[in-house]
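Working notes for the structure below.
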Amino acid sequence: MGDLEVNFEERRVRVRGREVHLTPTEFRILRSLGESPGRVVAYEEMAGRVWGERGTGRLGGIRVYVWSIRRKLRAANAAVAIVSVPGVGCMLTHSM
């Protein structure tokens, strides 16, 4: 999405050519959101994609990881944002 480059095979994220370090879990969450840009991905769906069946009930963990990804993307001045829909999930979109 614009200045955000994600290499799924190498598990690398760059913003405007600058590498952004994400933990393996953060990367899986970003990948989950990036597979459906502009669409709200439910917290439960993200937890399932990240942790499989054992992800049930770990929605607070997803929120913490999303916060961390947002902070890292903001620090890199990415022109994308993770928008939360309270009680539902998040989506990846262009920032305003």
Side-chain angles (χ1 to χ4, degrees):
M1 294 188 86
D3 61 353
L4 177 68
E5 299 172 36
V6 181
N7 184 318
F8 294 112
E9 291 177 11
E10 295 179 12
R11 206 187 67 75
R12 297 182 90 136
V13 177
R14 293 178 191 261
V15 174
R16 299 179 186 178
R18 188 175 131 219
E19 184 119 9
V20 176
H21 173 74
L22 297 181
T23 67
T25 302
E26 290 170 342
F27 186 82
R28 287 192 302 271
I29 290 170
L30 183 62
R31 181 179 193 156
S32 177
L33 293 169
E35 289 172 347
S36 306
R39 180 181 80 78
V40 175
V41 179
Y43 292 121
E44 293 85 2
E45 183 180 344
M46 274 189 276
R49 288 182 184 180
V50 171
W51 294 301
E53 287 183 27
R54 61 189 173 100
T56 305
R58 296 181 69 178
L59 306 184
I62 289 290
R63 290 181 183 104
V64 171
Y65 282 111
V66 166
W67 175 84
S68 179
I69 297 165
R70 274 190 185 117
R71 183 179 54 82
K72 291 175 180 183
L73 292 178
R74 252 187 255 131
N77 293 315
V80 297
I82 299 173
V83 177
S84 293
V85 177
V88 179
C90 300
M91 70 176 171
L92 190 63
T93 184
H94 288 284
S95 14
M96 300 294 169

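Start at 1 with the first residue, then count along the sequence. Any value given below was found using the heavy atoms of this structure, including those in side chains, with hydrogens, waters and symmetry copies removed.
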Least distance between heavy atoms, [X] atom then [Y] atom:
X	Y	answer
L30	I69	N-CD1, 4.2 Å
S84	P86	O-CD, 3.6 Å
C90	R70	SG-NH2, 4.5 Å

Distance from R16 atom CZ to D3 atom CG, nearest 0.5 Å?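 Between atom CZ of R16 and atom CG of D3 there are 4.5 Å.
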Measuring from atom OH of Y43 to atom CD1 of I29, what distance do you get when rounded to the nearest 0.5 angstrom?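 Between Y43 OH and I29 CD1, I get 10.5 Å after rounding to 0.5 Å.
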Does some side-chain heavy atom of [Y] sit less than 4.5 Å from a side-chain heavy atom of [X]?
X	Y	value
N77	V15	no
F8	V6	yes
L22	V20	yes

Please verify the inter-ring angle class for Y65 with W51; under 30° counts as parallel, over 60° as perpendicular, anything in between as tilted.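 Y65 and W51: tilted rings.
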List in chain and number order the residues that pass salt bridge (Lys or Arg N to Asp or Glu O under 4.0 Å) with R31, two or more places apart in sequence or in another chain; answer none if no residue qualifies.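 Salt bridge (Lys or Arg N to Asp or Glu O under 4.0 Å) list for R31, sorted by chain: E35.
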Taking salt bridge (Lys or Arg N to Asp or Glu O under 4.0 Å) as the definition, give me every residue that meets it alongside R12, ordered by chain and number, with sequence neighbours left out.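 Here the qualifying residues are E10, E19.
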Please determine if R39 and E45 form a salt bridge, counting it only when a charged side-chain N lies under 4.0 Å from a carboxylate O.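 Yes, R39 and E45 are salt-bridged.
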Whether the R63 and S68 side chains hold a donor-acceptor pair (N or O, under 3.5 Å, no angle test) is what I'd like checked.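 There is no such pair between these side chains.
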Any chain of hydrophobic side-chain contacts (each under 4.5 Å) joining V40 to V83?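 Yes, it is one cluster - the side chains of V40 and V83 are joined through contacts under 4.5 Å.
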When clusters are formed by joining ILVMFWY residues with side-chain heavy atoms under 4.5 Å apart, either directly or through shared neighbours, do V41 and V88 land in the same one?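 V41 and V88: separate clusters.
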Does anything in residues 71-91 pair up under salt bridge (Lys or Arg N to Asp or Glu O under 4.0 Å), and if so which pairs, sequence neighbours excluded?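 Of all non-adjacent pairs touching residues 71-91, those that pass salt bridge (Lys or Arg N to Asp or Glu O under 4.0 Å) are E26-K72.
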Check for a donor-acceptor pair, side chain of R49 on one end and backbone N or O of R28 on the other, with a separation under 3.5 Å.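 Checking the backbone N and O of R28 against the side chain of R49, no donor-acceptor pair under 3.5 Å is found.
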Using modelled atom types and a 3.5 Å cut-off, is there a donor and acceptor pairing between side-chain atoms of R14 and backbone atoms of E5?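 Looks like no, no N/O pair under 3.5 Å.
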